[in-house]
Amino acid sequence: MSVWGRIRERGRSLLITVSLAVVLLALAGYVLLGAVNTTRATEQQSAALVVDMKFTEARIAVAMQEVNLRHYQVEPSVAVRSRFERVADNAERNLTEITGSADEQTRQDAQRLLAGQLAYRRLAEQLIAKVADSDPDFMQFDRLQVTPTFYALQNDVDEASRSYHEYAQKQVTLLGDAQGRLLVGSTIGFAVGLTLVAMIMQMVLGYQRRLVAQAAHSRHQALHDPLTGLPNRALFQQELQDALARAERDGGQMAMMIIDLDGFKAVNDTIGHHAGDQVLIESGRRLSEHVAEPGVVARLGGDEFAVLLPRVTGPSEATALAERLVGELRRDFMFDDQPAAVGGSLGLALSPAHGPGDPDELLRHADTAMYRAKRRGGGVAVYDPGTDVEEQDDRMLLFAELRVLLETGDPDGQLQMHYQPQVRLRDGKVTSVEALVRWHHPARGIVMPAVLLPVAERGGLEVALTYHLLGVAAREASGWLRSGWRCRLSFNVSPGALSDDDFAETVLSTIGREGLPADLLRLELTEAGITADSGAALRTLRRVSESGVTVSVDDFGTGFSSLVQLRDLPADELKIDQTFVRNLTEGTPDAVMVRSSTDLGHNLGLQVVAEGVEDITTLVRLWEMTCDYAQGYVLSRPVPAGELTTACRAAEAIAAEAIGYARSAAPDGVPDRV
């Protein structure tokens, strides 16, 4: 190449380099400017959404003032007045917070609404005083002054709330536009010129690498437990099948263990679910430390783990390791210097002795041995065909009998409902009962729910059982109504039934067929059942709620539901779990939990029920805490339908005596009642 040729080549390379630099600088500037604009739009959107939320909360509180004021005119009580003052304080607090806004117009609107709110509250408090003094002019005062002031305030706050909601939505749109412009501009910039081919190729290669990494990550997530990082049930079953095939091919022995933690629920209930998660993580770590390669430690679900030993010399080696594993689980778990005692029940099965070549059979045998260990109080149990086959067959026989019973419609009425009264603490009256199943087995006697329900759940009969029992309970409750007793029926719903697509239609058709009004049925659902599939559960519950059926959140305080889920749930009642009701001595964590749950329920407009009340002192304490309803052995044990009338009378007598004593002992008479 001539000198001039080399000069031209260098010039062209320099031009391409300069062009690439210019494009990159221009693109960087555009992206930076777009990021700044997007950040500014995001800040404006966030501020607008906060103001929108405050105005919305103020609007709701203003409306609730009027509801409680009207309620007070009908039922002039300290509790109603207290609710009025709480929502009024809430409205004023939200408006006061908005007055600190950086926007002048927003401050002016908030100050105007706050002034209107204060004026309305002064008039409302005058009206409350007139009603309390039995002033005959209170209706005229209400019509001429209070009502016009309220409607003026309501219209004003509705207009302001609507205006700021529209403004917030506009900011969302602007943010989307800014992000769209940034995306379009960036795409064009990256596509400009052949000089960016190398960069584009680099991006494509990087994208391919990310796809490979993402696929590997997704596969890992699909086969591993997200909490402990251990293999999950699916991966464990793959490993078990491979190990069985190798053992059968090589003529060796292998062992597997099922481990269930003992005392885990107590950790969740007393220390909290975060501590429960830490117990599961630490348990997985301890097990993994003592299981060497190629052994596998997996979490099957809940507090159940599994261990696979692909090669063992015999039962003694596997048993020795099992004893060490259980011993590790018995060591205390520490949480902020607070010990938590947890143990383990371990079932051991070996192949080919206990299930040659069949992974499902080996799992069943290890599981059966684990249950035998649990009944003995923990420790290690090796599968024994002479002992465990009979018990496994017994569970299978019970399942088969239950399936036949449900398929034939229970012609002899073996599945019976017992009912436990719920006493209204305001006046000591029984207004609702909880339905609890008892299987009157012709050979076994009474089979309690603790035995019956696990058999149904493990065999996939829980949905059919739920629907059958609902029909029985609805029929009996309809009979009470025809006899002149209007009593609400609280019915427990299994999580599996709630996930059934036909749940809402089946419930409504059942009570319609039996003649039970929708408002006399209350469905009790545990927090775990609701959060298992919160989207589907909410849709189903809204469907039944729209028909008039009410909803209760059972075992409140022991699940994982968030306040957002509780807010969105169409619930009418919170049922505080008996774990927190047992020790209500002033200053104890349980007393704080019950009082806080009661206040939370009332603030959400829900009734609150305390279950597991076993003594008069606890009953009085719940009355003092303004809990709405109570149930427990101190009032009545669950009784058959034929004994329910007598049980309700006895419960009302006990409650009346306790409430009468509490009223006389109260320093100022009667505490605020909700």
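Each residue takes its place number in the sequence, starting with 1. Keep in mind that what you see is a predicted model, and the values were worked out from it rather than measured.
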To the closest 0.5 Å, what do you measure between [atom1] ([X]) and [atom2] ([Y])?
{"X": "L469", "Y": "L465", "atom1": "CG", "atom2": "CG", "answer": "4.5 Å"}
{"X": "N94", "Y": "E57", "atom1": "CG", "atom2": "CD", "answer": "4.5 Å"}
{"X": "L69", "Y": "F84", "atom1": "CG", "atom2": "CZ", "answer": "5.5 Å"}
{"X": "S490", "Y": "D554", "atom1": "OG", "atom2": "CG", "answer": "9.0 Å"}
{"X": "L235", "Y": "D225", "atom1": "CG", "atom2": "CG", "answer": "11.5 Å"}
{"X": "N232", "Y": "H224", "atom1": "CG", "atom2": "NE2", "answer": "7.5 Å"}

- Pairs in or reaching into residues 488-513: which pass salt bridge (charged side-chain N to carboxylate O under 4.0 Å, His left out), with residues at least two apart or in two chains?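 For residues 488-513, and leaving out neighbouring residues, the salt bridge (charged side-chain N to carboxylate O under 4.0 Å, His left out) pairs sorted by first residue read E505-R543.
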*Does the pair E125/R121 count as a salt bridge with the N-to-O cut at 4.0 Å?*
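Yes, this pair counts.
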(Q) Please determine whether a side-chain nitrogen of the Lys or Arg among D89 and R86 lies less than 4.0 Å from a carboxylate oxygen of the Asp or Glu. (A)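 So D89 does not pair with R86 through a salt bridge.
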Requested in this report: Using modelled atom types only, decide if a donor and an acceptor are shared between the side chain of S596 and the backbone of M593 within a distance under 3.5 Å.
Outcome: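 No; judged by distance alone, with no hydrogens or angles, the pair does not exist.
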On a heavy-atom basis, which atom in [X] and which in [Y] lie closest, and how many Å separate them?
{"X": "A630", "Y": "L425", "answer": "CB-CD2, 4.1 Å"}
{"X": "V87", "Y": "A61", "answer": "O-CB, 3.5 Å"}
{"X": "A435", "Y": "L489", "answer": "CB-CD1, 3.8 Å"}
{"X": "V608", "Y": "G601", "answer": "CG2-CA, 4.1 Å"}
{"X": "S597", "Y": "I576", "answer": "CB-CD1, 3.9 Å"}
{"X": "A474", "Y": "I511", "answer": "CB-CG2, 4.4 Å"}

Would you be so kind as to tabulate the donor-acceptor pairs closer than 3.5 Å made by side chains of residues 21-28, with sequence neighbours excluded?
none

Say whether [X] and [Y], considering side chains only, have a donor N or O and an acceptor N or O under 3.5 Å apart.
{"X": "N155", "Y": "E159", "result": "no"}
{"X": "E66", "Y": "Q154", "result": "no"}
{"X": "R522", "Y": "T550", "result": "yes"}

Residues in side-chain hydrogen bond (donor to acceptor under 3.5 Å, both in side chains) contact with [X], at least two apart in sequence or another chain:
{"X": "R233", "result": "none"}
{"X": "Q145", "result": "none"}
{"X": "R122", "result": "none"}
{"X": "E434", "result": "N492, K575, Q631"}

Using the rule given for side chain to side chain contact (heavy atoms under 4.5 Å, CB included), can you reason through Q65 versus V62, listing the C-alpha separation, both sets of side-chain angles and the distance that settles it, and then say yes or no?
CA-CA 5 Å; Q65 287 180 110; V62 166; 3.9 Å; yes
Are side-chain heavy atoms of [X] and [Y] found at a separation under 4.5 Å?
{"X": "T99", "Y": "T96", "value": "yes"}
{"X": "L541", "Y": "L525", "value": "yes"}
{"X": "Y467", "Y": "T510", "value": "no"}
{"X": "L508", "Y": "V549", "value": "yes"}

Report task. Determine, stepwise, if the pair L123 / L127 fulfils side chain to side chain contact (heavy atoms under 4.5 Å, CB included). Result -> CA-CA 6 Å; L123 292 174; L127 177 59; over 6 Å; no
With sequence neighbours excluded, tell me which residues meet salt bridge (Lys or Arg N to Asp or Glu O under 4.0 Å) with [X].
{"X": "E462", "result": "none"}
{"X": "D142", "result": "R70"}
{"X": "E546", "result": "none"}
{"X": "R59", "result": "none"}

Go through the structure and list residues passing ring-ring contact (aromatic ring centres under 6.0 Å, His included) with F150, not counting sequence neighbours.
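So F150 forms a ring-ring contact (aromatic ring centres under 6.0 Å, His included) with Y120.
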Could you work out, with ring-ring contact (aromatic ring centres under 6.0 Å, His included) as the rule, every residue matching H165, not counting sequence neighbours?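 H165 satisfies ring-ring contact (aromatic ring centres under 6.0 Å, His included) with no residue once adjacent residues are dropped.
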- Message: Checking F503 against L523 for the side chain to side chain contact (heavy atoms under 4.5 Å, CB included) test, could you report, in this order, the C-alpha distance in whole Å, the side-chain angles of both residues, the deciding distance, and whether it holds?
- Response: CA-CA 12 Å; F503 176 78; L523 302 179; 3.9 Å; yes
| task | Using a cut-off of 6.0 Å, state whether more than 12 heavy atoms not belonging to Q140 lie near its atom CD. | result |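 Open: at most 12 neighbouring heavy atoms sit under 6.0 Å from CD of Q140.
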_Candidate list E573, R424, Q422, test side-chain hydrogen bond (donor to acceptor under 3.5 Å, both in side chains), partner S432, passing option_ =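 Checked E573, R424, Q422 against S432; only one passes side-chain hydrogen bond (donor to acceptor under 3.5 Å, both in side chains): Q422.
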Quiz item: Under the criterion side-chain hydrogen bond (donor to acceptor under 3.5 Å, both in side chains), which of E104, R112, Q111 is the partner of Q108?
Solution: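 With Q108 as partner, side-chain hydrogen bond (donor to acceptor under 3.5 Å, both in side chains) holds for just one option, E104.
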- Audit row: E85, R81, salt bridge (charged side-chain N to carboxylate O under 4.0 Å, His left out) steps and yes/no: CA-CA 6 Å; E85 292 173 349; R81 181 172 183 174; 3.5 Å; yes
Show, in sequence, the C-alpha distance, side-chain angles and deciding distance for H71 and R83, and conclude whether the side chain to side chain contact (heavy atoms under 4.5 Å, CB included) test is met.
CA-CA 10 Å; H71 189 181; R83 287 202 299 270; 3.0 Å; yes
